[in-house]
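A short worksheet on the structure shown next.
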Amino acid sequence: MYVQGFLIAVPEGNKDAYRDLAARAAEKFAEYGVTEIMEAWEEDVSDGKVTDFRKATQAEDGERIVFSWMIWPDKQTCDAAHQKMQDDEFWTQGMEMPFDGMRMIWGGFSPLFTMGRD
């Protein structure tokens, strides 16, 4: 198992546009081999004294935090998917981002521990 995690700030008024984009992208990622995707809209995000989700994404007034992840069978499948994305017109045609991608934080992780999964 390989996990990609994402953290972004999305203007509150773009919630539906973000959900629509995420759903379209999820279908494409499923074609590439992703096994699970979670897109979570801010419900209860506290301000920290040193750092927090808002500071990490440089969230502005009126923006909400989206915390999401994709689970791949392995890193090789994920890497192959990213290679396919380079040549897939899906990602360049009609793909307007309803958020500032420059402030997106993302990375890949190998699980240390899981609970509730096979």
Side-chain angles (χ1 to χ4, degrees):
M1 179 188 309
Y2 184 72
V3 180
Q4 275 191 309
F6 304 87
L7 187 64
I8 56 177
V10 178
E12 191 168 6
N14 290 355
K15 183 178 182 180
D16 290 338
Y18 180 81
R19 183 184 316 127
D20 293 346
L21 173 71
R24 286 181 49 219
E27 290 177 12
K28 184 56 76 169
F29 283 122
E31 291 177 21
Y32 296 156
V34 76
T35 59
E36 182 178 330
I37 297 176
M38 171 64 75
E39 297 283 348
W41 187 262
E42 173 186 339
E43 184 71 29
D44 183 16
V45 175
S46 301
D47 293 336
K49 291 183 179 180
V50 176
T51 192
D52 58 39
F53 286 123
R54 291 188 192 295
K55 289 179 183 84
T57 59
Q58 299 176 0
E60 300 171 359
D61 288 341
E63 289 185 322
R64 297 295 172 249
I65 304 303
V66 172
F67 178 52
S68 61
W69 61 89
M70 297 191 295
I71 298 178
W72 298 89
D74 49 48
K75 187 174 186 314
Q76 294 78 14
T77 303
C78 179
D79 288 346
H82 287 277
Q83 194 63 41
K84 290 176 187 175
M85 288 174 68
Q86 303 301 315
D87 299 322
D88 193 332
E89 291 181 359
F90 173 85
W91 302 106
T92 57
Q93 295 182 353
M95 191 62 76
E96 187 173 326
M97 299 296 173
F99 60 91
D100 177 2
M102 297 293 291
R103 295 181 286 142
M104 177 169 41
I105 300 167
W106 63 277
F109 303 86
S110 296
L112 290 175
F113 170 88
T114 63
M115 186 177 99
R117 295 187 175 279
D118 292 337

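Keep in mind the model is a prediction, meaning the values are calculated, not measured. Numbers here are sequence positions counted from 1.
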Given ring pair (Phe, Tyr, Trp, His ring centres under 6.0 Å), test Phe29 with Trp69 step by step and report yes or no. CA-CA 12 Å; Phe29 283 122; Trp69 61 89; over 10 Å; no

Verdict with reasoning, Met38 to Phe67, per side-chain contact (heavy atoms from CB on, under 4.5 Å): CA-CA 8 Å; Met38 171 64 75; Phe67 178 52; over 6 Å; no

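Of the possible polar contacts, none joining the Arg64 side chain to the Glu42 backbone as a donor-acceptor pair under 3.5 Å is found. Here the side chain of Thr35 pairs a donor or acceptor atom with the backbone of Ile71 at under 3.5 angstrom.
The number of heavy-atom neighbours closer than 6.0 Å to CD of Glu36, taken from other residues, nucleotides and ligands shown, is above 12.
Taking both residues in full, the closest heavy atoms of Glu39 and Val66 are given as OE1-CG1, 3.6 Å, listed atom of the first, atom of the second, then distance. Scanning all heavy atoms of the two residues, the minimum distance from Lys75 to Tyr2 falls at N-CB, 3.5 Å. Shown here for Ala59 and Ile65, the closest heavy-atom pair between the two residues is CB-CD1, 4.0 Å. Of all the heavy atoms in Pro11 and Trp41, the pair that sits closest is O-CH2, 4.1 Å. Of all heavy-atom pairs between Ala9 and Phe99, the closest is O-CB, 3.6 Å. Between Pro98 and Val10, the shortest heavy-atom distance links the atoms O-CG1, 3.7 Å.
Remark: Gln4 CD to Phe109 CZ distance equals 9.5 Å, nearest 0.5 Å. Atom CD of Glu12 sits about 15.5 Å away from atom OH of Tyr18, to the nearest 0.5 Å. Atoms CG and CZ, from Leu21 and Arg24 in turn, are 6.5 Å apart once rounded to the nearest 0.5 Å. To the nearest 0.5 Å, atom CG of residue Asp100 and atom CG of residue Asn14 are 11.5 Å apart. Separating the CZ atom in Phe53 from the CG atom in Asp47 is a distance of 12.0 Å, to the nearest 0.5 Å.
Side-chain contact between Tyr32 and His82 is absent, with no heavy atoms from C-beta onward closer than 4.5 Å.
Applying the ring-ring contact (aromatic ring centres under 6.0 Å, His included) test to Trp106 and every residue at least two apart in sequence or in another chain returns nothing. Qualifying salt bridge (charged side-chain N to carboxylate O under 4.0 Å, His left out) partners for Lys28, counting only residues two or more places apart in sequence or in other chains: Glu31, Asp88.
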